[in-house]
Amino acid sequence: MHRGLPILLALAFCGCDDKPAGPAATPPPAPAELVHTPEFSGHNAYLHCAAICAMGPRYSGSEAYEQQLRYLEKHLHAAGWKTERNPFSAPNGVRMCNLRAFRSTSPAPLLISCHIDTKINVAPDFESADDGASGAAALLELARVTTDERIELIFLDGEEAFARSMSETDGLYGSRFDVARRGNQLPRWQINLDMVGGRNKTIAIPSLDTSDFMYAQYASAIQVLGLSEEKWTVWPGGYMDDHLPYLEAGVDSLNLIAVFSGTSWWHTSRDNMSRICPRSLHESGLVTLQLIRQLLSAGAEAAP
Ligand SMILES: [Zn+2]
């Protein structure tokens with residue numbers, strides 16, 4: 001168990017203000033179109049996030065969920081990725097569908113995941129901007145700048161519970177299905193992104209669910225990028241999230257998730273684009289790319 005990170009360098013990326021995002025807050029304008037820089041662009045991720053939120057609530061089995069799948073496929077194919085839909089049904093009969101993206105049909109050692117379903121029955125104007133769309137947006141932009149065949153992306157359905165709270169039997173449907181579907185062809189590592197676009201967010205990885213090796217990778221990435229130990233820290237416990245089924249199957253997993261418990265916006269209409277910040281998405285993208293570099297080089301060193 002890890003109780004905190006070592007002393008790290010000063011915050012490098014800031015600038016998103018910390019005003020509370022109430023119903024009256026006006027989202028900043030989205031950039032007009034995608035930019036084609038070689039680096040990860042927080043503005044591109046912001047644009048994807050806004051486009052996904054504009055589809056409305058994207059709960060499992062909804063038309064908006066299907067619309068989101070088509071949007072993801074279009075941009076993944078444009079970036080040179082192959083995709084595969086893995087449909088399945090929840091025990092209550094609700095139709096669900098995970099979306100995989102890969103460059104090689106050989107099993108990839110590194111899986112990067114997010115969930116793209118939104119909690120059902122919140123409100124007609126529920127955008128679920130951070131809890132769902134931000135992870136999908138970050139993965140789409142990662143797909144544009146990442147060509148390594150040792151990476152697979154997966155956009156998971158059914159993370160959200162049907163009941164008010166997640167339980168051992170309600171929630172994580174997509175990740176549980178994916179782990180079972182893979183059998184013994186599991187990746188070596190997984191990075192899960194959840195709520196990675198909020199302004200002035202604090203990422204807190206779950207100490208109970210993080211191996212010493214993965215903790216060292218996280219601490220190193222933060223140090224290399226010069227990020228704040230207060231904004232990239234450790235949660236003293238575990239989370240129920242999409243890393244768990246993989247972790248329980250033996251995958252070394254890292255869950256990059258912002259502090260959400262006890263906040264006033266989580267699972268409400270206030271989780272909207274006014275909470276999302278391009279710089280925050282940019283920072284999350286840079287950390288993920290740094291972790292990718294570290295993990296793949298660690299794997300290369302360990303290879304015979
Ligand atoms: Zn949620």
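Here, residue 1 is the first one in the sequence, and each next residue gets the next number. Keep in mind that this is a model prediction, so the values were computed, not measured. All values below come from the heavy atoms of this structure, side chains included, with hydrogens, waters and symmetry mates left out. When a ligand or atom number is given, it counts from 1 through the structure's own listing order.
Distance check for His115 against the Zn ion (ligand 1): none of its N/O/S atoms falls below 2.8 Å.
Tyr71 and His48 are linked by a side-chain donor-acceptor pair at a separation below 3.5 angstrom, with hydrogens and angles left out of the test.
Arg182 meets the salt bridge (Lys or Arg N to Asp or Glu O under 4.0 Å) test with Glu152, Asp178; sequence neighbours excluded. With sequence neighbours left out, the salt bridge (Lys or Arg N to Asp or Glu O under 4.0 Å) criterion links Glu66 to Arg70, Arg85.
Within Asp131, the N/O/S atom positioned nearest the Zn ion (ligand 1) carries the name OD2. Taking the Zn ion (ligand 1) as reference, the nearest N/O/S atom within Glu160 carries the name OE2.
Taking CG of Asp271 as the reference point, atom CH2 of Trp265 lies at 5.0 Å (rounded to 0.5 Å).
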